[in-house]
Amino acid sequence: MLQREYIQDLKNLVDQEVTLRGWLYNKRSSGKIRFLILRDGTGLCQCVVMKNAVDEATYNAADELTQESVFTVTGKVQATDKAIGGYEIFVSKIEVGQKSEEYPITPKEHGIEYLMEHRHLWLRSSRPWATLRVRDSLIHAIRDFFHDRGFICFDAPILTPNAAEGTSTLFETDYFDEGKAYLSQSGQLYGEAGAMAFGKIYVFGPTFRAERSKTKRHLNEFWMVEPEVAFMDLEGDMELAEDFVHYIVTRVLEERKNELAILDDGSGRLVARAEKVLKPFHRMHYDEAAKILDKYWDEKLASGEELPPTFKRFQYGDDFGAYDEVALTSQYDAPVIVHHYPAAVKAFYMKRDPNEPDKALAMDVLFPEFGEIIGGSQREDDLNELLKRLEEHQLPQSIFEWFLDLRRFGSVPHAGFGLGLERLVMWICELEHIREAIPFPRTLTRIWP
RNA sequence: UCCUGAGUAGCUCAGUUGGUUAGAGCAUCUGACUGUUAAUCAGAGGGUCGUAGGUUCAAGUCCUACCUCAGGAGCCA
């Protein structure tokens, strides 16, 4: 083990002599003084090299270092308000490691295509660094939330024999002599089996959608967390979603304030926004949401304001489009839960409300100015109803036999939801595009690096 | 799948009604400066203008096709 301290721990090491190891993030100089910005993975630290304070080899080393070259620095930790992070190293010695030549990502701006082409290096820059640390915090918070409440982590298979919802396009691969296998587009059906075995479970894994989506909110490979609970109805589902979202967002606020400040240039905007994710969320029936949208678009159209060329006016019975979700949520600071969607626009496994047979016991959590981050429902637990749904959706009963068994043997009311991890990262970090919310995004036109 | 836009130096871009040797900043190299914050200042090198064809005395600029990418919609998390 090579001995060294980490930049994130410097606050406890003021006035002590330390050794740090890392890469050169940037360099500035003035006369006989050199400022080296060291990056060690935990943060950035300015290292000050004064000509009259070091030997000649160290002073020359400071000049030779290029961006992303490796070096080890020894010196005294000083508190200062002149340097990033609030601490700097007054250097006594530098050792140079591997030298980088012509590092492709410069401190100047780059286009998104170029950055994505160099994603493996771009990860070292401060914005991806901060974003992916927020993502890490969310992942831990998600697991802690469920673990603390007695949920079992229940992994669903990634290679599956059929489509969960039948409609979406699936990635296909050969599976020995069994014919075709498909990459999972949802762990939910398997999660239902888990809920009947363990009471409450959550599936958390990668999800694959072969849809030719081309928007800033879609990835073809993304991570989804899907809790499923036996003896829970739609009301309980909404409460769980609220508690869950509130908990994980709060954890990010506790653990990643520094990263959020990097992402909003210190304005505090991201923290202020996340702090408004308070329980309870605004809840509304689909009919109420439809009324709000009708009024909203009527006023917009009457005002003569120019609408985008792809704009389509919402009609009662439609699912919400991108413009509708933004319009609906922009009136609130906190997330909005819309429930009782028309059954016709929802998946076959969602239970219908006995009091409103044309509505599904479904709910979506919509985030302010953003849109859907959670979709969930109470599931159809009646065998005959489920068989009818399969027929209506023209799905073959044979491939769902094991799923139907869950209704034949001890069927109970149960519910769950799915949360798109990258969508939440995107909203919290206010990213322009979801591709920055995952280390190596897979989109319609990108599978490299 | 549909609609819109863009491809000029390693990167980000400018380039007028078609007109002499295609420009700037950053990056790289040389030099100056003892507290810099995308440091600054002086200098140097660096180009098949996405590809193919066409119009013209003359094309980075106009026309056609293709390729690639980006933005928007739908599908959804």
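So that the names make sense, note that chain A is the first sequence line, chain B the second, and so on, each numbered from 1.
Figure legend: cation-pi geometry between R149(A) and F145(A), with NZ or CZ positioned under 6.0 Å from the six-membered ring centre and within 45° of its axis.
Note on R34(A): nothing from the nucleic acid sits closer than 4.0 angstrom, heavy atoms only. Using a 4.0 Å heavy-atom distance criterion, T445(A) is classed as a sugar-phosphate-only contact. Heavy atoms of Y323(A) sit under 4.0 angstrom from primed sugar atoms or phosphate atoms, though from no base atom. Within the nucleic acid shown, D364(A) has no heavy atom closer than 4.0 Å to any nucleic acid atom. Using a 4.0 Å heavy-atom cutoff across all strands shown, M50(A) reaches at least one base atom of the nucleic acid. Across all strands, E88(A) comes closer than 4.0 Å to base atoms (heavy-atom distances). T215(A) comes within contact range of at least one nucleobase, with a heavy-atom separation under 4.0 Å. Within the nucleic acid shown, L419(A) has no heavy atom closer than 4.0 Å to any nucleic acid atom. Within 4.0 Å (heavy atoms only), I37(A) reaches no atom of the nucleic acid at all. Within 4.0 Å (heavy atoms only), H433(A) reaches sugar-phosphate atoms of the nucleic acid but no base atom.
Side-chain contact check for Y349(A) and Q188(A): at least one donor-acceptor pair (N or O, by modelled atom type) lies under 3.5 Å.
Proximity of R212(A) to the phosphate of U1(B): a side-chain N or O atom is located under 4.0 Å from OP1 or OP2. Look at K216(A) and you'll find a side-chain N or O under 4.0 angstrom from OP1 or OP2 of G72(B). Contact annotation: R435(A) side-chain N/O to G71(B) OP1/OP2 distance is under 4.0 Å.
Residue R217(A) has its side chain nearest to A73(B) when only A77(B), A73(B), U36(B) are considered. Comparing atom distances between the F222(A) side chain and each of G35(B), C76(B), A77(B) picks out A77(B) as nearest.
Annotation: U16(B) and G7(B) have their P atoms spaced 12 Å apart (nearest Å). Taking the P atoms as reference points, A70(B) lies 25 Å from C63(B), given to the whole Å. Of the P atoms belonging to G31(B) and A22(B), the separation is 31 Å, rounded to the nearest Å.
Between the base of C69(B) and the side chain of R446(A) there is no donor-acceptor pair shorter than 3.5 Å. In this model, no side-chain donor or acceptor of E101(A) finds a partner on the base of U28(B) within 3.5 Å.
Classification of the H282(A)-Y332(A) ring pair by plane angle, with boundaries at 30° and 60°, yields tilted.
Between E432(A) and H218(A), the residue anchored closer to the 5' end of RNA chain B is E432(A), taking for each the nucleotide with the nearest heavy atom.
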Output field dot_bracket for RNA chain B (Watson-Crick or G-U, both distances under 3.5 Å, | for other-strand pairs) contains (((((((..((((.....[...)))).(((((.......))))).....(((((..]....))))))))))))....
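Residue W297(A) forms a ring-ring contact (aromatic ring centres under 6.0 Å, His included) with just one option from F314(A), F320(A), F311(A), and that option is F311(A).
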Strictly under 3.5 Å: I want the nitrogen or oxygen pairs between protein and nucleotides 5-12 of chain B, one per line.
| from | atom 1 | to | atom 2 | distance (Å) |
| --- | --- | --- | --- | --- |
| C11(B) | O2' | E109(A) | O | 3.4 |
| C11(B) | O2' | H110(A) | ND1 | 2.4 |
| U12(B) | OP1 | G111(A) | N | 3.1 |
| U12(B) | O4' | E109(A) | O | 3.4 |

Show the distances under 3.5 angstrom between N or O atoms of the protein and N or O atoms of nucleotides 2-4 of chain B.
none

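Taking the six-membered ring for Trp and the full ring otherwise, Y25(A) and Y103(A) have centroids separated by 6.0 Å or more. Checked against the 6.0 Å centroid criterion, the rings of F146(A) and Y247(A) do not qualify as a close aromatic pair. A distance of 6.0 Å or more separates the ring centres of F204(A) and F151(A).
Counting only distance, with no hydrogens or angles, the side chain of D136(A) and the backbone of I139(A) share no donor-acceptor pair below 3.5 Å.
The distance between atom CZ of F320(A) and atom P of C76(B), rounded to the nearest whole Å, is 14 Å. Remark: P of A70(B) and CG of L115(A) are 12 Å apart, rounded to the nearest angstrom.
Every residue two or more places apart in sequence or in another chain was checked for a salt bridge (charged side-chain N to carboxylate O under 4.0 Å, His left out) with R423(A), and none qualifies.
Salt bridge present: E422(A) and R135(A) bring a charged side-chain N and a carboxylate O closer than 4.0 Å. With salt bridges taken as basic N to acidic carboxylate O contacts below 4.0 Å, one links E392(A) and R352(A). In this structure, E95(A) pairs ionically with K93(A), as a charged nitrogen and a carboxylate oxygen lie closer than 4.0 Å. Classification of D364(A) and K346(A) as a salt-bridged pair holds, one side-chain N sitting under 4.0 Å from a carboxylate O. Using a 4.0 Å cut-off between charged nitrogen and carboxylate oxygen, E325(A) and R217(A) do not count as a salt-bridge pair.
Interface residues of residues 53-71 of chain A facing RNA chain B, ordered by number: none; criterion, heavy-atom separation under 4.0 Å.
The side chain to side chain donor-acceptor pair (under 3.5 Å) analysis of residues 110-122 of chain A, with sequence neighbours excluded, yields the pairs T106(A)-H110(A), E117(A)-R446(A).
No aromatic stack links F35(A) and the base of G35(B), using centre distance under 5.5 Å and interplanar angle under 30°.
With rounding to the nearest 0.5 Å, the separation of NZ in K359(A) from CG in L361(A) is 11.5 Å.
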